[in-house]
Protein chains: 2
Amino acid sequence: MEGKSVAARIHDAIHRLTPAEKRAARGLLGAYPTLGLAPVAEFGQQAGASSATVLRFVSQLGYKSYPDFQRALRDELEERAKSPLQRGQSASASASDDNFLDRFVSQAAGNLRGTAGLIPPSEFEAVCQRIAEAKGQCYLGGGRFTDFLAGYMEAHLRLIRPGMRRFDGRPATRADQMIDVRPGDTAILFDVRRYDPSLLEAAGELAARRAQIILITDEWMSPVSRYAKLVLPCRTALDRTWDANGSLFTLVEAIIARVTELAWPIASKRIGSIEPGGVP
Amino acid sequence: MEGKSVAARIHDAIHRLTPAEKRAARGLLGAYPTLGLAPVAEFGQQAGASSATVLRFVSQLGYKSYPDFQRALRDELEERAKSPLQRGQSASASASDDNFLDRFVSQAAGNLRGTAGLIPPSEFEAVCQRIAEAKGQCYLGGGRFTDFLAGYMEAHLRLIRPGMRRFDGRPATRADQMIDVRPGDTAILFDVRRYDPSLLEAAGELAARRAQIILITDEWMSPVSRYAKLVLPCRTALDRTWDANGSLFTLVEAIIARVTELAWPIASKRIGSIEPGGVP
DNA sequence: TCAATACTGAAATCTGAATTTCAGAAAATC
DNA sequence: GATTTTCTGAAATTCAGATTTCAGTATTGA
């Protein structure tokens, strides 16, 4: 009884319902689930029944209160949003059936699109400008796996601006590097679940030293966000055991590209001085 | 101003928001639109802000009350439910116009799709099986930037199978590690342009020692392919100065996922012995 | 036709959620 | 480093919406 969808409960209960209650049921099924998320009075009006009737209807469904019923609807909605395959079953189902790579890739593409929706353009822009300004030092660090993203990012940004530094190795050595951190410095941290406690600690220390923290994380939001000035959350969910960090990687590349654009006057000189052939 | 989606209003307003209000904004974007349909108190708690802050956030968005804001969300939801087919075009058409991140991301998604088309399923499968078999050693290495991909891949595969080794550091030290290579070993090499001459050299050496080379490269095909048994080319083209390696990264994750699947009987034991909590 | 019963919605009540206030904390500015 | 300003959440207040009551209306069965 507990884990049943509201729609299913309606179907179970419909024969027990009185005429006015049935109107409520029909109304809800017709505008599902939005009508149920409205206040009782509106629900009633839309469905052609009184508030009292709607309430009786909801209680017939087995919910002990109207808010309780609404919570169930919200949970359902959330559930549906999370599952990656709610639309286009025919198209994607046939394509994905046999081919692992195709299926994986289309999920990754979905995460990418989701990420673009999750990050406000102005937030992205603010991050890039902060990096391109090249004021003070810019530190980078990540967790067990994400550390490689930090490394990749550093390898690129190093070419573009001075003052890039990476927290290398284990928490122990981190403390040494902290002493150099000064107010106004920037720190780019990567943290996805399961979130790294030592990184949280490091973030606290950085915040205490007035460094501005840029956090790149997943949709469940690392606790580091507490200390971060700017947060870029990425969609990483996958229908398998582990999450996928591809969206973080692409975000990193987007940042690199944008920062390069912004800092071009300086960057072009730096790059030119390294690669005598010039820039392709 | 009237007919604007809530998400759009958030994007407009986000730079005016205070830190705590931004937490509310991100919380909502992360669980859109369900969180906004919950009572203020719950919204606040979920997003890590107080009710008062959530209210201020909502009013920044231009709604004169919380119920008013919720009505807007419900209307949007209803709208979306009514027209199941014309999602996307209005959103993506206007978005790609001015928005750097969206544009970048949609190119990256295109590369992803292109990559799936470029790689024959059988080739992909062969690579994964080769790795999952776990016969002999498996070496990893890459160029200046792609080395981080090798690192990322190793960090994961290390959990799944024994015998993972990474070529660390500069060409000089590489020679040392070569002496351990035996016939039947596997080497996974990453090489995108401009192709790394030292990697080509290493590949030659590996081939001479009868190691089987798996090459992950771009669509212009590294010269290493000369020595490789299996080649996975990825689309990396971009309409800007540099190429994007996001598709390589996602390919790496796809391989990891598939290998995990194939090697599950062994992998689950290994992982269980490291993380006492077991696999999520 | 007349009870007897079930159903319904208007109005009263009452609970719980939205809103406002305010004092302390944090950040920015000088 | 001190001062001003802004930001924030806890607590008080207000208000809207959920719940209950009850009288009127429809329905059923004799």
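As the structure is a computational prediction, the values presented were derived from the model and not from experiment. Protein chains get the first letters and strands the later ones, always in sequence-line order, with residue 1 at the start of each.
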I'd like the 5' and 3' limits of the part of DNA chain C contacted by chain A, with heavy-atom contacts below 4.0 Å.
C/dC7 to C/dA10
Taken in chain and number order and not counting sequence neighbours, the residues that satisfy ring-ring contact (aromatic ring centres under 6.0 Å, His included) with B/Tyr152 are B/His156, B/Phe249
5′-ward residue of the pair A/Arg210/B/Pro67 relative to DNA chain C
B/Pro67
By nearest heavy atom, map B/Tyr66 and A/Gln212 onto DNA chain C; which one lands nearer the 5' end?
B/Tyr66
Any luck finding a side-chain donor-acceptor pair between A/Asp218 and A/Thr236 under 3.5 Å?
no
For A/Glu201, look at atom CD and say whether over 12 heavy atoms of other residues, nucleotides or ligands are found less than 6.0 Å away.
no
Output the rounded distance in Å from CZ (B/Arg16) to C1' (D/dC7).
17 Å
Nearest 0.5 Å please: distance from the CD atom of A/Gln46 over to the CG atom of A/Leu28.
12.0 Å
Quick one: B/Asp68 CG to D/dA16 P, roughly how many Å, whole number?
13 Å
Would you confirm whether B/Gln70, through its side chain, and B/Ala38, through its main-chain N or O, come within 3.5 Å as a donor-acceptor pair?
yes
By ring-ring contact (aromatic ring centres under 6.0 Å, His included), A/Tyr63 pairs with (sequence neighbours left out) A/Phe69
Contact residues, residues 34-58 of chain B to DNA chain D [heavy atom, < 4.0 Å]:
B/Ser50, B/Ala52, B/Thr53, B/Arg56
Quick one: pull up CG in A/Asp191 and CZ in A/Phe145 and give me the separation to the nearest 0.5 Å.
13.0 Å
Any salt bridge between A/Arg258 and A/Glu125, counting N to O under 4.0 Å?
yes
More than 12 heavy atoms from other groups under 6.0 Å of CD on A/Glu76
yes
Sub-3.5 Å donor-acceptor pair from the side chain of B/Glu253 to the main-chain atoms of A/Gly246, do we have one?
yes
Partners meeting salt bridge (Lys or Arg N to Asp or Glu O under 4.0 Å) with A/Arg74 (sequence neighbours left out):
B/Glu42
Protein-nucleotide distance (B/Lys22, atom NZ; D/dT6, atom P), rounded to Å
17 Å
In short, the helix from C/dT1-D/dA30 to C/dC30-D/dG1 is bent end to end, axes from five pairs each side, to 10°, by 40°
